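Have a look at the structure below before the remarks.
Quick caveat: nothing in here was measured; it's all calculated off a predicted structure. Naming: A, B, ... by sequence-line order, numbering from 1 per chain.
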Amino acid sequence: MDNGKIAKVFEEMAELLEFRGENPFRIRAYQNGAKAIRELDESVADILADSSRDLAKVPGVGKTLVEKCQTLVDTGSLPQLEELRQAVPEIVIQMARIPGLGAKKAVKLRDALAIESLEDLRKACHEDKIAGLKGFGKKSQATILDGLAIAQQAAERIRWHKGDELAADIGGHMQSCKGIQKMQWAGSYRRLRETIGDLDLLVVADDPQSAMDHLEKYTYHASTIGRGDTKISIRVDKAFQVDMRCVAADQFGAALQYFTGSQAHNIHTRRIAKERGLKISEYGVFKVDDDTKIAGASEEEVYEAIGLPWIAPELREDRLEFAMAESGEMPTLIQLSDIRGDLHMHTSATDGTGTIRDMAEAAIERGLSFIAITDHSKRVSMARGLDETRLREQWKMIDEIRPEYEGRLTILKGIECDILEAGGMDLADDCLAEADWVLASVHYGQKQPRDQITDRILGAIENPHVSCIAHPTGRLINRRPPYDVDMDQVMDAAAKHGKLMELNANPARLDLNDLHLSKAKKLGIPIVINTDAHSTDGMNVMQHGIQQARRAGFLADDVANTQAWQAIKSLLEKAT
DNA sequence: GCCGTTTTCGGCCCGACTGTTTTCAGTCG
């Protein structure tokens with residue numbers, strides 16, 4: 001059982017314990033344990049199997065959770081979880097997902113009205129049965145009905161990229177509002193998470209009410225969920241929630257820090273504050289003994305007040321940032337301008353739309369000094385993938401074009417070669433040997449069992465002509481889960497053979513994810529951030545890859561294509 | 001359930017909002 005699955009078990013335990021009305025700190029202990037194990041860059045099973053190691057040394061994992069991990073690794077299941085599942089009916093969990101209903105109210109409703117389905121709940125609302133219950137009233141009944149409708153239309157988290165478009169649109173609309181002095185998006189959008197659940201806008205306004213009026217005039221405003229003196233929540237496009245909060249200018253930094261989160265990061269900062277006799281809230285940093293305010297206008301001063309440098313929002317997950325900040329100075333994270341080449345792109349020879357020259361010109365416009373043309377291999381027949389003959393023709397064309405770009409751009413002879421379902425590469429070794437750059441990737445047989453698909457990728461890594469594994473897990477965010485691949489084995493093999501791994505920057509992929517990237521960094525595996533462009537515009541997604549790398553705490557030195565091609569080439573010459 | 005330079009007990013981030021109460025519980029972020 002891998003770490004992700006163990007973490008899921010503890011998360012479910014936490015959720016179920018909440019329904020049982022357990023001690024909230026015990027619940028958080030399970031959540032913290034789940035987070036620690038998910039983010040651990042070593043396999044729990046490996047640590048348990050090694051008598052010289054102690055899993056309880058991992059912060060957040062104590063004696064009890066170690067025992068439960070052992071049970072999970074040994075038997076694949078946890079009796080306590082099974083018992084809890086029996087004790088907490090599914091309908092209660094479903095009800096608690098309705099906005100405004102939590103664990104306690106859901107349990108109360110089921111017990112009082114014998115609710116067995118969401119349909120029962122809807123009926124109970126319509127029959128006016130809920131308003132009479134103790135602790136509920138007319139308003140809660142209406143909220144539940146509204147929530148039922150929303151829960152069905154909506155609203156999974158949207159990809160960051162889509163949230164970015166929405167934020168730009170709403171931001172543009174709000175800019176025309178007079179009297180807004182300052183405006184900043186917060187929340188998971190600001191932290192550049194892969195997906196976001198809602199948008200949080202923070203403003204300093206002369207007149208908060210008129211700022212709220214203005215937000216309600218946004219073209220795609222569907223309804224207003226709630227509105228008070230300082231806060232308004234609306235839905236746009238039926239379901240997606242946008243919150244706006246108005247704060248005073250001298251609270252802006254503290255509010256921004258607070259609403260940016262993450263929750264785990266805030267808990268950690270507040271604990272540090274407490275150790276120093278301070279208290280952080282969204283209104284500022286205060287001395288505990290006399291309530292004197294010592295910071296709040298800017299985020300920088302909030303962090304400074306507790307002895308930390310300003311921390312980039314994308315790092316605020318209580319994972320790497322506090323260790324990185326220890327020296328008192330944050331290292332400079334990688335940025336877009338550090339990137340010097342792009343080693344994954346397609347042309348009209350297969351499923352791209354641009355010619356080699358189109359891609360070369362687009363690369364020069366973006367300030368790159370090298371690119372690899374990596375069209376699909378023949379197995380990808382839908383994309384008219386290249387066989388050895390057509391590939392060599394394309395390389396011949398590259399030879400002819402190269403002199404035109406002398407001194408401006410190095411065009412590399414590459415290929416995205418499929419790893420076949422039965423294992424092995426789609427093109428002959430003698431052909432691959434002629435390439436400057438060989439990406440290996442899985443497109444077919446993605447649902448194969450773990451051992452099989454892992455062996456295929458290990459086989460590719462062991463092939464001496466393969467340079468790099470492209471989109472190593474195959475996931476499409478919100479659309480397709482990753483292959484069931486043993487990434488621990490894959491990464492160990494990549495490290496051993498000196499192979500590179502890709503961070504595919506396409507916002508639907510972002511593959512490797514941030515946790516895999518952290519692990520790759522620890523193992524010293526060079527990462528290449530590529531766009532996988534299928535058109536010249538497709539090269540614009542590089543920014544998303546940079547964001548993902550920053551979330552993993554990457555500096556420019558952690559990414560191979562921040563260096564000249566010659567440096568990458570010498571890495572490949574050492575690979576086996 | 002975790003944790004410890006207040007160390008094996010007694011804490012655990014902090015506050016707003018809501019709807020329902022008459023001083024507060026539940027929910028949310």
Side-chain angles (χ1 to χ4, degrees), chain A residues 10 13-14 17-37 55-69 80 95-109 130-144 146-147 186-191 196-200 202 225-233 241-247 251 254-286 288 291 302 306 316 318:
Chain A
F10 290 155
M13 288 283 293
L17 288 168
E18 208 175 345
F19 287 100
R20 301 294 300 275
E22 281 286 341
N23 175 354
F25 297 106
R26 186 173 171 228
I27 293 164
R28 193 196 290 166
Y30 275 98
Q31 289 165 343
N32 288 343
K35 182 173 186 292
I37 285 168
L55 185 59
K57 290 244 160 62
V58 174
V61 181
K63 195 164 161 274
T64 311
L65 290 189
V66 170
E67 281 168 16
K68 291 192 161 66
C69 284
Q80 292 93 333
M95 283 198 280
R97 300 225 164 93
I98 296 168
L101 278 186
K104 300 203 169 157
K105 285 190 169 179
V107 170
K108 220 182 248 180
L109 280 176
I130 289 177
L133 293 176
K134 190 171 164 57
F136 295 84
K138 283 276 177 201
K139 283 259 189 169
S140 6
Q141 189 165 278
T143 307
I144 291 168
D146 186 44
S188 52
Y189 170 63
R190 182 168 182 239
R191 299 204 313 281
I196 58 176
D198 62 9
L199 279 172
D200 297 294
L202 197 65
I225 302 162
R227 177 172 167 166
D229 293 339
T230 62
K231 180 188 158 181
I232 179 170
S233 294
Q241 185 168 336
V242 179
D243 298 336
M244 183 175 76
R245 300 156 208 265
C246 303
V247 299
Q251 300 167 345
L256 183 60
Q257 197 279 331
Y258 167 63
F259 290 119
T260 297
S262 65
Q263 193 174 28
H265 175 85
N266 286 352
I267 288 172
H268 196 139
T269 53
R270 287 166 184 214
R271 201 173 66 226
I272 292 173
K274 208 168 190 176
E275 287 161 6
R276 293 167 174 247
L278 300 169
K279 185 182 72 175
I280 304 182
S281 75
E282 56 263 53
Y283 299 112
V285 185
F286 302 87
V288 171
D291 256 1
V302 169
I306 58 169
R316 299 183 195 170
D318 192 18

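Nucleotide B/dC2 holds its P atom 14 Å from the CD atom of A/Glu22, rounded to whole Å. In this structure, CG of A/Asp198 is placed 7 Å from P of B/dG29, rounded to the nearest angstrom. Whole-Å rounding puts the A/Ile98 CD1 to B/dC28 C1' distance at 16 Å. When the P atom of B/dG29 is taken as reference, atom CD1 of A/Ile196 falls 14 Å away, rounded to whole Å. Look at CD1 on A/Ile232: it is 16 Å from C1' on B/dT18, rounded to the nearest Å. Distance NZ (A/Lys108) to P (B/dT20): 11 Å, rounded to an integer number of Å.
Distances from the side chain of A/Thr230 to the nucleotides B/dC14, B/dC17, B/dG1 place B/dC17 closest.
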Write out a two-atom table: protein N or O, nucleotide N or O from nucleotides 11-13 of chain B, distance below 3.5 Å.
unit_1 : atom_1 : unit_2   : atom_2 : d
B/dC12 : OP1    : A/Lys274 : NZ     : 2.6
B/dC13 : OP1    : A/Arg28  : NH1    : 2.4
B/dC13 : OP1    : A/Arg28  : NH2    : 2.8
B/dC13 : OP2    : A/Arg28  : NH1    : 3.0
B/dC13 : O2     : A/Arg270 : NE     : 3.4
B/dC13 : O2     : A/Arg270 : NH1    : 2.7
B/dC13 : N4     : A/Gln263 : NE2    : 3.1

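Geometrically, A/Lys68 does not engage A/Phe10 in a cation-pi contact defined by less than 6.0 Å to the ring centre and at most 45° from the axis.
Side-chain nitrogen and oxygen atoms of A/Tyr283 include none within less than 4.0 Å of the OP1 or OP2 phosphate oxygen of B/dC14. Not one side-chain nitrogen or oxygen of A/Ser140 sits closer than 4.0 Å to the OP1 or OP2 atom of B/dT18.
Contacts of A/Ala273 with the nucleic acid, taken as non-hydrogen atoms under 4.0 Å apart, are absent. Residue-level contact check: A/Pro24 touches neither bases nor backbone, having no heavy atom under 4.0 Å from any strand.
Every residue meeting the salt bridge (charged side-chain N to carboxylate O under 4.0 Å, His left out) condition with A/Lys35, not counting sequence neighbours, appears here in chain and number order: A/Glu39.
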